[in-house]
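The structure under discussion appears below in the form of structure tokens.
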Amino acid sequence: MIKKGTIYIYNSLTKKKELFNPIINNYIGMYVCGPTVYNHLHLGNYRTFIIFDIVFRYFKHLGYKIRYVRNITDVGHLENEIDYEDKIIKKSRKEGIDPMEIVNKYTISFHKFLNILNILSPNIEPTATGHIIEQIEFIKKLITNNYAYEINGSVYFDLKKYIKKYSYGILSNNKINKLLYEKENILNKEKRYPYDFCLWKKASNKHIMKWKSPWNYGFPGWHTECVTMSTKYLGGVFDIHGGGMDLKFPHHECELAQSNAFYEKISNARYWMHTNMLTINGKKMSKSLGNNLSIIDIYNDYSPNIFKLFILQHHYRSVIDFSLEKLKETKKGYIKIKNTIELINNFIPTNNKYFELNFNVYNWINKCYKSINDDFNTPMLISNIFYASNFIKLELYNINKVNFFLLKKYINYFIFDILGLSKSELTKNNLEYKKFNILVKKLILFRKEMRNKKNWIISDRLRKELCNIGVIINDEKFS
RNA sequence: GGCACUGUGGCCGAAUGGAUAAGGCAGAGGUCUGCAAAACCUUUUAAAGCGGUUCGAUUCCGCUCUGUGCCUCCA
């Protein structure tokens, strides 16, 4: 019998793996912090979106109705707290185009690579600039509830007031009085308390991206955007809130604080999930350090499936140190999986008899579900796939029809539906590829003729040329 | 300085209070072979250090050492 089992999720809020139960039976609301679109995303950024794609896919596979909201930050993400320069405006000045052109350009780039990576679209992808009114209303309520104050046209969150009733820092375990604050002296003097964070910032005359508000012409703060949009589409309390580990503090703490202050009760997500960082040479991949690689940088040698497999061979809560060497190793494993899938999907079973095999299909399926149920343990699931792969190569002929179709169905579920590898990349059935294939086949046929005539010079030359365009010929035995 | 996390074979990486510690890559031997490669078969190697709890710890606890992330901004 197939047992899909129950899901356990590591909850950053409680620091424990917990049995996952949605608030409303069979319905799930999930919010994931999306990118600030002021540049091309790098491999580390995509790691997070690959992981939450798996979460999304898995819930869908299990038959849940899930609403997945992933925002796009197109305003309000400040470069630093000193001169209040918006990342997008800075980039627009650098490229000499309008801020909204920047936003458009990098949003298109983001979507293009998500598509290349075979990442499903979320159900709602709200933008910050599309929700200015909601953010203003949100801030107004925070002021009414006495958790925010206006000063000189800007609005700040009153953290001192907040910590009288709620605890701040429960996600990160930080205590605000123990934080390092070297820049305290140069911080703006408007705030009542250095740790108060900006909800609405008054724009200077030169500032391009600004909107009318009850306080002044200005723009919303980054932390307010996410909490407004998650609330709007998922409600005050929802199931899962995700994002990169680097957002845990202060971004998510600030979201949580605003939500509690807004509803005047403990609210926002019940389960918080944080994906760990991708490092390169032991240092976090980041735009500011300049050590970032994009999909384009690896695309020629390593397909998106290989990159995904590489990411998923590590647990999402562990740091991954990226290198091309390791990607090369993954590529070899990927070829194994690819061969297995081709073998099983093209195999026609004839065996009706039952043989005693040391591979039980039901046990294997249950083990796969158990792996993914355990806090989305994709390395374990992949390990099980390799295990099945070894069996398939050796004993596919001995398996009876019933078990064969079961195995075929589920290995396809796990590889394509759940792990989200691209089927078309594995099977390559598009028209252009078919044409290319015909040409290659003709060349291979010609080479075979040359081999039959023992013309090793031409046949070896052909093998080399074909290899140069990525067609690897593995000769059969010469007879 | 505070907080969080990490240390498993040659490399990458899981699980686990007790019997053989997944899986991938690499290495070794073999099958096959015009050559090369691939594929396939077989196979070697592991728990930072010290102490504690326990009948028993890689797993739990403490300390030391190591590395990383966060405390401007970052998925």
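A, B, ... follow the sequence lines: proteins, then strands. Residue 1 opens every chain.
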Donor-acceptor pair, side chain of A/E253 and main chain of A/S172, under 3.5 angstrom: yes
Distance-only donor-acceptor test (3.5 Å): side chain A/R463, base B/A36: yes
Minimum-distance nucleotide to A/D460 side chain [options: B/C12, B/G69, B/C35]: B/C35
Nearest to side-chain heavy atoms of A/L394, which nucleotide of B/A22, B/A14, B/C41: B/C41
Ionic contact status for A/D196 with A/K160, cut-off 4.0 Å: no
Side chain of A/D374 (C-beta onward), nearest among B/A15, B/G34, B/U68: B/A15
Salt-bridge present (A/K201, A/E190; N to O < 4.0 Å): yes
Salt bridge (Lys or Arg N to Asp or Glu O under 4.0 Å) against A/D74, all qualifying residues, sequence neighbours excluded: none
Inter-nucleotide C1' distance (B/C35, B/G29), Å rounded: 22 Å
Residues that A/I296 engages under side chain to side chain contact (heavy atoms under 4.5 Å, CB included), provided they are two or more places apart: A/F113, A/S294
Salt bridge (Lys or Arg N to Asp or Glu O under 4.0 Å) against A/R67, all qualifying residues, sequence neighbours excluded: none
Distance, rounded to the nearest Å, where A/K17 contributes NZ and B/A15 contributes C1': 9 Å
Side-chain N or O of A/K326 closer than 4.0 Å to phosphate OP1/OP2 of B/C12: no
Base versus backbone protein contacts along nucleotides 24-30 of chain B [heavy-atom cut-off under 4.0 Å; B, S, -]: BSS----
Nearest listed nucleotide, side chain of A/M277, among B/C35, B/C70, B/A75: B/A75
5' precedence on RNA chain B between A/I335 and A/P250 (nearest-nucleotide basis): A/I335
Listed partners of A/K408 passing salt bridge (Lys or Arg N to Asp or Glu O under 4.0 Å), at least two apart: none
Base-pair map of RNA chain B as dot-bracket, where | denotes pairing with a different strand and pairs are Watson-Crick or G-U under 3.5 Å: (((((.(..(((.....[....))).(((((.......)))))....(((((..]....)))))).)))))....
Separation of the C1' atoms in B/A57 and B/C50, to the nearest angstrom: 15 Å
Partner residues of A/A148 under the side chain to side chain contact (heavy atoms under 4.5 Å, CB included) criterion, sequence neighbours left out: A/L142, A/I143, A/V155, A/L199
Partner set under side chain to side chain contact (heavy atoms under 4.5 Å, CB included) for A/R57, not counting sequence neighbours: A/D53, A/N118, A/L120
For RNA chain B, the residues among residues 43-52 of chain A that have a non-hydrogen atom under 4.0 Å from it: A/G44, A/N45, A/T48
B/U59 and B/A46, which share atom name C1', separated by this distance in whole Å: 15 Å
Nearest-Å distance once atom P is located in both B/A22 and B/A14: 15 Å
Polar side chain donor-acceptor pair, A/H252 to A/H223, under 3.5 angstrom: no
Presence of donor-acceptor pair under 3.5 Å, side chain of A/N377 and base of B/G13: no
Contact under 4.0 Å: A/T73 side-chain N or O vs B/A75 OP1/OP2: no
Donor on one side chain, acceptor on other, A/E255 and A/S259, under 3.5 Å: no
A/R270 with A/D239: basic N within carboxylate O range, under 4.0 Å: yes
Electrostatic pair A/K284:A/D246 at N-O distance under 4.0 angstrom: yes
Nearest-angstrom distance, P atom, B/C63 to B/G1: 16 Å
Set of salt bridge (Lys or Arg N to Asp or Glu O under 4.0 Å) partners for A/K105, sequence neighbours left out: A/E95
5′-ward residue of the pair A/H314/A/M285 relative to RNA chain B: A/H314
All N/O pairs under 3.5 Å across the protein-nucleotides 3-8 of chain B interface:
unit_1	atom_1	unit_2	atom_2	d
B/C3	O2'	A/S172	O	2.3
B/A4	OP1	A/N173	ND2	2.8

Interatomic distance, A/K370 NZ vs B/A14 P [rounded to whole Å]: 17 Å
B/U43 to B/A47 separation - C1' atoms, rounded to the nearest Å: 23 Å
A/F310 CZ - B/A14 P separation (whole Å): 11 Å
Rounded interatomic separation in angstrom, taking CD1 from A/I54 and P from B/A75: 20 Å
Which residues share a side chain to side chain contact (heavy atoms under 4.5 Å, CB included) with A/I458, sequence neighbours left out: A/F446, A/M450, A/N455, A/L462
Nearest-Å distance once atom P is located in both B/C3 and B/G62: 13 Å
